[in-house]
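Residue numbers begin at 1 in each chain, while the letters A, B, ... track the order of the sequences.
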Amino acid sequence: MGLESNGSSRSVDFDYEPIPRMSNTFMLPGKQTEHELIEGIRKGVYIKSFQEWNIDDKRFNFKAVGNDSYLIKNGKIAEPVKEPSLELTTPTIYGSIDAVAKHVRLMAGTCGKGEPEQDIPVTMGGPAIRLRRIRLGRS
Amino acid sequence: MADLRIQELPTYAVKKAKKYGADDVIVHSILDKTGQVKFVNNEIVTIKNFENISADIFLVKDKKIVATNIKKFTTSEIDKTLSRIFKFIKYIPPTEDYNGIAKDHFHYKKIPNVYDRQIETLGSHSIDLVENAINSALRNGARRCTGVLDFGVTHVYLSTSTGVHAQDQETDACLSIRSFTSKDASGHKISCGTRLIDVKPAFAGAESGRIAQMAINPKKTGAGKYDVIFDPLALGDLLGGVAGATSIYSVESGMSFFKDKLKQKVASSKFSMRDSGRSPGDLASASFDEEGVPTKDTKVIEDGILKTYLHNTSTARKYKTKTTANAGLISPTPWNTIIKPGDAKYQNLIKRVQKGLLVTNTWYTTFQNYVKGDFSTIPRDAVFLIKNGRIAYPVKDIRISENILNLLESISAVGKKAEQVYSWAAEPPNVGNPVISPPILCKNLNITKSLK
């Protein structure tokens, strides 16, 4: 591709082929507090955790369904909301971000790739982000 | 380094563990010799051989359970491991519902067709098989194809503190080929078995090329209710998860939509599923489970009724039933998941559909709620719209967002011809076990797509 290596090759053991893959990957922080992200919303949903994440192999059609989730009314967190479904394209998600919080949270995870499977430890995470004017659905 | 042969280690380790004071011990050593040929864009890019040797140790003292694994086959490694276990075991709580391991004078009846010397000695002939698959795909419409041939032999040796000593060997070979005809048109086929004769590279290549050729220029289609025909490959992911959810471990750990459903209707009466560790030619067949109980053929769902969960000896005693010979000592695990064929020819399945989809593959089957069974899965490779009993055109960018019990209940016809597949992207409760299934027609499933 006419580029230099950025040192991303890793394998699980000496006898497995190295695969270019994520290592410690996180979204860079912005400048606002999470409170400021929330107080700027008149009608919205705060999704703290999610499940049922999947994406197609073009990495285009994305779905995640909120677990620990709350309505936001006039800038304040209100009652819990059940299973808000976020089924969007990748450009819609990243194109809808209008604010990024400054506090980064990291978590341990596993990157699974390869044949045979090479599961490898990674760190991932980022700050809270705010998406504007997106449609939530319940499947 | 090894001063113990693989077949000696289990007996040695069990004796040592008993001297340390263990109540129950099972040691299970495994030697896997596998070969792999990978191909990308019609070219072979990697040829690999792997040799993995390991031993699983399951040990119980005063109902305190430790399970660990060693890779060095020396007496000193076993001594060090047991010493560490007995220091560690003081600090863990007992598992009050642990009920022991199997004890019997088992006789192991040979399962036909689980070992083929042609696979063990395949060597460079594996390249011919792959080239055969690639050429067949290209002759049948593929512009490029990518995939892998895995093959090998597994030797297993088992000893337990209840006097069980057993050994087994199996071979397997799996060819997976994915053909592409454009950026968003592809077809995938798997051909696998325990004998070389079961692996059909020309057929798999031709089918993947043919499907990819049919998938050219996919159109968008709307969200809504559709009848769906699942090809066997698409069911590897879905029904692997159904089988995994019948493990009592899944039920107890809140990972099963079959919780509290024993002896109840959980599927259409047209759907029957058995778990078999003794099915000749099927990938997961083995003479005995991880505590040495001879494997069985178990009716799990019969005419839509859930007949049993999958058990090992300990969980079976807890529920006052018999083991189904599915140890997994911590988690009972399915062997081969076999769906009873129906009477519908493939073309007749399509003719029955007024408005529907033919789904040739799925991936990323993930659950929102394991107990309720709410999930979604992504149709992958070729998907076709069916109108008035005929394939109309390929479609793309859709998702099946459903409830698994609803899907099982919606089965209106089962095809005649079964194929052996497996999910290479299995998410819990799927453990990636082989699924032998014909195509299945489901009515009125919920299709969603990305909102704008």
Checking [X] against chain A: side chain, backbone, both or neither under 4.5 Å from a heavy atom?
X        : value
B:Lys38  : side chain
B:Asn52  : side chain
B:Gln36  : side chain
B:Asn49  : neither
B:Thr365 : neither

Would you indicate whether [X], at its atom [atom1], is surrounded by more than 12 heavy atoms from other residues, nucleotides or ligands within a distance under 6.0 Å?
X        : atom1 : answer
B:Lys259 : NZ    : no
A:Arg133 : CZ    : no
B:Asn217 : CG    : no
A:Lys76  : NZ    : no
A:Lys113 : NZ    : yes

Less than 3.5 Å apart, any donor N or O on the side chain of B:Thr448 or A:Lys63 sitting next to an acceptor on the other? no
Are B:Gln368 and A:Asn67 packed together at the side-chain level, in the sense that at least one heavy-atom pair is separated by less than 4.5 angstrom? yes
Is there a side-chain contact between B:Leu451 and A:Ile134 in this structure, where contact means two heavy atoms from C-beta onward sitting under 4.5 Å apart? no
With side chain to side chain contact (heavy atoms under 4.5 Å, CB included) as the criterion, how do B:Lys396 and A:Asp56 come out once you've worked through the C-alpha distance, each side chain's angles and the decisive distance to 0.1 Å? CA-CA 10 Å; B:Lys396 65 177 182 178; A:Asp56 63 8; over 6 Å; no
Looking at B:Asn369, is its backbone amide N or carbonyl O close enough to the side chain of A:Gln51 to form a donor-acceptor pair, meaning the two atoms are under 3.5 Å apart? no
Ignoring hydrogens, what is the shortest heavy-atom contact between B:Ser450 and A:Asn61? Give both atom names and the distance. OG-OD1, 2.8 Å
Between CD on residue A:Glu52 and OH on residue B:Tyr364, distance to nearest 0.5 Å: 13.0 Å
Considering only heavy atoms, which portion of A:Ile55 lies under 4.5 Å from any heavy atom of chain B: side chain, backbone, both, or neither? both
Quick check for you: among A:Glu115, A:Arg135, A:Lys58, which has the greatest number of heavy-atom pairs under 4.5 Å with chain B? A:Glu115
After noting the C-alpha distance and the side-chain angles of B:Arg399 and A:Glu87, does the key distance pass the salt bridge (Lys or Arg N to Asp or Glu O under 4.0 Å) rule? CA-CA 10 Å; B:Arg399 182 180 270 103; A:Glu87 190 167 0; 2.8 Å; yes
Residues of residues 11-45 of chain A with any heavy atom under 4.5 Å of a heavy atom in chain B: A:Asp15, A:Tyr16, A:Glu17
